[in-house]
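First comes the structure, then the notes that go with it.
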There are 2 protein chains.
Amino acid sequence: MHTPAFHNHDHAHCTGDVMARAEEITRANGARLTPVRRRVLEILLEEHRAMGAYDVLQRLVAEGFGNQPPVAYRALEFLVDQGLAHRVRRLNAFTACMTPGESHAPAFLICRQCNAVAEAPAEGVRAALEAAAAELGFVVERANLEALGLCPKCVAQA
Amino acid sequence: MHTPAFHNHDHAHCTGDVMARAEEITRANGARLTPVRRRVLEILLEEHRAMGAYDVLQRLVAEGFGNQPPVAYRALEFLVDQGLAHRVRRLNAFTACMTPGESHAPAFLICRQCNAVAEAPAEGVRAALEAAAAELGFVVERANLEALGLCPKCVAQA
DNA sequence: CTTGACCTGTTATGATATTACATACATAAG
DNA sequence: CTTATGTATGTAATATCATAACAGGTCAAG
């Protein structure tokens, strides 16, 4: 499961918003939100969880798109490049970005008990990371911030 | 290449130190630093860079250890569990930890130009991450902090 | 010296990701 | 309108990374 912050929300509404933002962003970047790409983003939003490339591919096949891995990987890579999706490396998976265009470098909180994944706002974390990098003269362009631990529910149980 | 902080240092010396610390740490944890495990750690220290499991395996084979992937993966997993090595997910690779036993949750700085990897001290980053997680009631146990960007040399060139 | 826990080796397979090339489509220049 | 150009898609083949399952070996405690 992928929740924006371990609580419920108006799902259909947020999906519509994000797709609209996606249109704007890609247009602004001079990129094309083609059918496969759009569909992959919709799938990520619908499923609302971290999905493997092959999971996405299965859905695409069922809808008549190409059935080879590159079809999924290319669309996913495009979405990540546009800031519309994120790659969660710990899970070999991808999720739709819930706040495209805004504060980037979110942190992902992954529950080792129930596998829930939440996207946490991480401006402060990014700032700290850039500061630490700057100490060494390193310029950060992108970051993967992933934490493994226990979500609120599983903390309560334990 | 894996450098501790994008600059030179006394390599043989740091390797010896780390091995000694490794002995202490595993003994303290009631774990056994067996020949394969010790050798894998030495290999990581010698090569001084992020190595894939299969790279490590090749070295092991050449030295008469088992030649199947689990041999490498198990030793590497052990070292990671003991805090003697880190997994860099972005590279599907592992590196020896340069400061075992100390401040953990280092951040990795990966140069997209020359592929150098540096381990940066990241207490501040970890603190910020834990704070952000705490906001959502999430308890962080482990974290992968990986930044992609440009190292000092490559910044200078550009 | 036997038991139980853990470590190692091996087989087999699964899961993830990319390279290379062919085809199709969009856009803009002629 | 046609052609040239860049970009996107489809497909085959393969590379790379990782784990499950089981057999045999080692070691220390009782």
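Residue numbering restarts at 1 for every chain, and letters A, B, ... go by the order of the sequence lines.
- Between the CZ atom of Phe78(B) and the P atom of dA5(C) there is a distance of 19 Å, given to the nearest Å.
- A search for salt bridge (charged side-chain N to carboxylate O under 4.0 Å, His left out) contacts involving Glu130(B) returns Arg126(B), not counting sequence neighbours.
- Distance Arg37(B) CZ to dG9(C) P: 11 Å, rounded to the nearest Å.
- Spacing between atom CD of Glu77(A) and atom P of dA17(C) amounts to 12 Å, rounded to whole angstrom units.
- Spacing between atom CG of Leu33(A) and atom C1' of dT9(D) amounts to 15 Å, rounded to whole angstrom units.
- A heavy-atom distance below 4.5 Å is found between the side chains of His48(A) and Met98(A).
- For the pair Leu60(A) CG and dT9(D) C1', the computed distance is 12 Å after rounding to whole Å.
- For the pair Glu77(A)/Arg87(A), no side-chain contact is recorded, criterion being any heavy-atom separation below 4.5 Å from C-beta on.
- Across the protein-nucleic acid pair, Leu57(B) atom CG and dT10(C) atom P stand 11 Å apart, rounded to whole Å.
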Working for side-chain hydrogen bond (donor to acceptor under 3.5 Å, both in side chains), residues Arg89(A) and Asn144(B): CA-CA 9 Å; Arg89(A) 302 207 89 110; Asn144(B) 286 99; over 6 Å; no

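- For Arg39(A) and dT9(D), the CZ to C1' distance is 18 Å, given to the nearest whole Å.
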Please encode protein proximity along nucleotides 11-30 of chain D as a string of B, S and -, counting only heavy-atom distances under 4.0 Å. BB----BBBBB-----S---

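- With sequence neighbours left out, the side chain to side chain contact (heavy atoms under 4.5 Å, CB included) criterion links Gln113(B) to Cys111(B), Leu150(B), Cys154(B).
- Rounding to whole angstrom units, CZ of residue Arg90(A) and P of dT16(C) are separated by 15 Å.
- Annotation: side chain of Gln82(A) is not in contact with side chain of Leu41(A) (no heavy-atom distance under 4.5 Å).
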